[in-house]
Structures are given as C-alpha cells and as structure tokens.
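By convention here, the first residue in the shown sequence is residue 1. Both backbone and side-chain heavy atoms feed into the values below; hydrogens, waters and symmetry mates do not.
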Amino acid sequence: MREIWSLFSTFFIIGSIAFGGGYAVLPILMREIVQKRQWLSEDELLDYFAVSQATPGVICVNISTFMGYRKKGFIGAAAATVGVVLPSLIIITAIAAVLSNFSDI
C-alpha cells in the first residue's frame, strides 16, 4: 500500500507542476523518477518516453501509466494515472465553479 501511495503522490506532484506538454515534463520526470526515487534508469525513462510519444494520449499520462504498471501492476497504473490527472481536474473544476458565478453577465 505504501508503494501505491508513493506512486500516487509522486505523480500528483508531477501533475501539479508540469505545464507545457511532454517535452517540458521530461526534466521533471528525470529528476523525480530517475535521480530522486531511482525507479528507472535514464535509458529506461527515455524508452518509456519514446513509446509514450508513439501511443495515443498525453505523454505524461502514458508514462505515469507505464511506470505504475511496472511497479505495482494494474493498481499501480491506476494510482499513478489518477495522480497525474487529478491536479488538472481539480484546477478545471475550480475554474468552472468560479466562471459559473459570472455566467449571467
């Protein structure tokens, strides 16, 4: 359970600070996944990055899903994917709530 929480929290942080697309998130992934947590080697992360570019979807979401699956299978993939997507969902929901107050203007 601790590893699943670690996957979720790591990718939640990455999802919170990753702006600018897949290429902008690569240095963040290098720092968090390769250097800090040592879950992957640099070459493995670059392989995941290449495969994520070739598959449909957002690069960061694909990498988080692959990474989570590698660490803890389906549950890990789900935790990492939810972790990376949740910050955006929270921000968009907050913006929609604020904008709905001004919809009559």
Side-chain angles (χ1 to χ4, degrees):
M1 189 66 173
R2 185 174 160 176
E3 281 188 37
I4 292 171
W5 175 252
S6 180
L7 280 167
F8 174 82
S9 62
T10 299
F11 282 102
F12 185 86
I13 291 167
I14 291 171
S16 301
I17 61 176
F19 294 100
Y23 297 110
V25 81
L26 186 58
I28 298 168
L29 290 169
M30 280 285 194
R31 185 185 70 233
E32 290 295 321
I33 293 175
V34 174
Q35 295 169 355
K36 189 175 179 183
R37 294 191 172 48
Q38 298 175 349
W39 287 342
L40 294 174
S41 70
E42 187 174 333
D43 289 337
E44 289 172 320
L45 179 62
L46 293 176
D47 288 343
Y48 278 29
F49 194 79
V51 170
S52 295
Q53 286 181 308
T55 55
V58 180
I59 293 172
C60 191
V61 173
N62 291 341
I63 290 175
S64 67
T65 305
F66 295 151
M67 184 68 238
Y69 189 80
R70 178 180 178 178
K71 293 291 287 177
K72 292 303 276 183
F74 179 77
I75 300 294
T81 303
V82 169
V84 80
V85 171
L86 191 60
S88 298
L89 182 65
I90 292 169
I91 291 167
I92 293 299
T93 303
I95 291 171
V98 169
L99 288 179
S100 69
N101 292 334
F102 300 105
S103 65
D104 59 332
I105 297 176

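- Rounded to the nearest 0.5 Å, atoms CG (Leu46) and OH (Tyr48) are 12.5 Å apart.
- Side chain of Ser9 to backbone of Ser6: a donor-acceptor contact under 3.5 angstrom is found.
- Taking CZ from Phe12 and CD1 from Ile17, the interatomic distance works out to 11.5 Å, rounded to the nearest 0.5 Å.
- Nearest heavy-atom pair across Cys60 and Ile14 is SG-CG2, 4.0 Å.
- Judged as a salt bridge (Lys or Arg N to Asp or Glu O under 4.0 Å), the pairs with a partner in residues 69-87 (not counting sequence neighbours) are, in order, Glu44-Arg70.
- Note on Met30: it clusters hydrophobically with Val25, by side-chain heavy-atom contacts below 4.5 Å among ILVMFWY residues.
- Taking the side chain as every heavy atom from C-beta outward, Ile33 and Phe11 approach each other to under 4.5 Å.
- Residues Ala79 and Ile4 approach most closely at CB-CG2, 3.6 Å, considering heavy atoms.
- Between atom CZ of residue Arg37 and atom CD of residue Glu32 there is a gap of 5.0 Å, rounded to the nearest 0.5 Å.
- Residue Val61 is grouped with residue Leu45 when hydrophobic side chains (ILVMFWY) are merged at heavy-atom distances under 4.5 angstrom, including chains of intermediate members.
- Minimum heavy-atom separation, Leu26 to Phe49: CD1-CD1, 3.8 Å.
- Across every non-hydrogen atom of Ala18 and Ile28, the tightest pair is CA-CD1, 4.2 Å.
- Checked against side-chain contact (heavy atoms from CB on, under 4.5 Å), Leu89 has the following partners two or more places apart in sequence or in another chain: Leu86, Thr93.
- The line from OG1 of Thr65 to CG of Asn62 is 6.0 Å long, rounded to the nearest 0.5 Å.
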- Item | side chain to side chain contact (heavy atoms under 4.5 Å, CB included) assessment of Val34 paired with Leu29 | CA-CA 7 Å; Val34 174; Leu29 290 169; over 6 Å; no

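- One finds the OG1 atom of Thr55 at 4.5 Å from the CZ atom of Phe66 (value rounded to the nearest 0.5 Å).
- The minimum heavy-atom distance linking Val84 with Ser64 is given by the pair CG1-OG, 3.3 Å.
- Other residues, nucleotides and ligands contribute over 12 non-hydrogen atoms within 6.0 Å of the CD atom of Gln53.
- Clustering ILVMFWY residues whenever any of their side-chain heavy atoms sit less than 4.5 angstrom apart, transitively, puts Val58 in a cluster other than the one holding Ile92.
- Ile63 approaches Ser52 most closely through the heavy-atom pair CG1-OG, 3.1 Å.
- For the atom pair CE (Met67) and CG (Leu40), the distance works out to 4.0 Å, reported to the nearest 0.5 Å.
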